[in-house]
Amino acid sequence: VNLPLYERSLPAVAANVGALRRGLTEALVARGTDAQRVGDVALVVSEALSNAAVHAYVGRSPGPVALAAAVSYGTLRVTVTDLGRGMIPRTDSPGLGLGVVLMGRLADVLEISEPAAGGTEVCARFSL
Amino acid sequence: MSSSSHRSGRRSRRRPIAGPRARRSSARRAQPRPEPARVDVERRASVAVLHVSGEFDLSAVDRVEAALARATGDRTDRVVFDLRGVSFLDVPGLRTLLRADERAPFAVDIVPPPGPASRIFALTEADHRLHLVADPGEA
């Protein structure tokens, strides 16, 4: 049983972070999800969308960032996917950044990968 | 000129006509809508208070930093970020506060947002690094 909950793609810019985040949180609230869990998801999704807006399309016009969420057997699976330059090592940033640490604390499982087609995919799972 | 603006003011206050069109309009209002953050600056002698409201996320960072630059000067010895009107605070918003605290030559106090929007301070342990106060008037 895999129930799609939310799916939307918009240009990866700061102004769209809130629109996508609110779309998903409102779908979760409508489903009766616990308020604190909704808050966890909002912070994780906001961070992944912000990273796409800031880092994915540096030096060119913003491409898309897609937010998708589905519920399966009591687990919410959320993915944030862009088609940007992928993960670039930063020598000026020692250790894991604040955002990755926060996402890892709030999600039950956090996976960050570069799909074969390029870009970055953040996949977070939350038990509901 | 003033009569023209009065006329447009009256038009904007006109109540919608009940019926299918009005129902569609209220359905549109129920859609997720942008709530851009707002920053109001208050100066009290050498203290600048930035009252931030709405969603303090990436889309608000430039606005808050511009307001901070405008509000402060050589005589500023303390800045208060009053976040009591903030409904959502994420990592980009928090980083803005941390940057201000690290770089500013003045003291930085933060009045946290109410309820769940303030969780990020404890989750990231930023509450150990920032000076959180209960009230903008608190020294």
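Since we're looking at a predicted model, the values are computed, not measured.
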Check: If you tally heavy-atom pairs under 4.5 Å against chain B, which of R21(A), Q36(A), E47(A) wins?
Finding: R21(A)
Note to self: Tell me which of these, S50(A), G18(A), G39(A), has more heavy-atom pairs under 4.5 Å with chain B than the rest.
What the structure shows: S50(A)
Check: chain B heavy atoms under 4.5 Å from A42(A): which part of the residue, side chain, backbone, both or neither?
Finding: both
Check: Under a 4.5 Å heavy-atom cut-off, does chain B meet the side chain of L49(A), its backbone, both or neither?
Finding: neither
Item checked: D90(B), part contacting chain A, at a heavy-atom distance under 4.5 Å -> both
Note to self: Heavy-atom cut-off 4.5 Å, strictly under: side chain, backbone, both or neither for L89(B) against chain A?
What the structure shows: backbone
So if you build clusters from Ile, Leu, Val, Met, Phe, Trp, Tyr with side-chain heavy-atom gaps below 4.5 Å, do [X] and [Y] land together?
| X | Y | result |
| --- | --- | --- |
| V29(A) | L106(A) | yes |
| F126(A) | V80(A) | yes |
| V64(B) | L98(B) | yes |
| V79(B) | L130(B) | yes |
| V38(A) | V45(A) | yes |

Notebook entry, point to check: CD of E7(A): more than 12 outside heavy atoms within 6.0 angstrom?
Noted result: no
Check: Any chance CG of D34(A) has more than 12 other-residue heavy atoms, nucleotides or ligands included, within less than 6.0 Å?
Finding: yes
Note to self: Working to the nearest 0.5 angstrom, can you tell me the gap between L43(A) CG and T124(B) OG1?
What the structure shows: 9.5 Å
Note to self: How long is the straight-line distance from CD of E125(B) back to CG of L102(A), given to the nearest 0.5 Å?
What the structure shows: 11.5 Å
Next item on the list: Would you mind reporting whether E55(B) and V17(A) have side-chain heavy atoms less than 4.5 Å apart?
Entry: no
Item checked: Taking every non-hydrogen atom, the tightest pair across R105(A) and L123(B) -> NH1-O, 2.6 Å
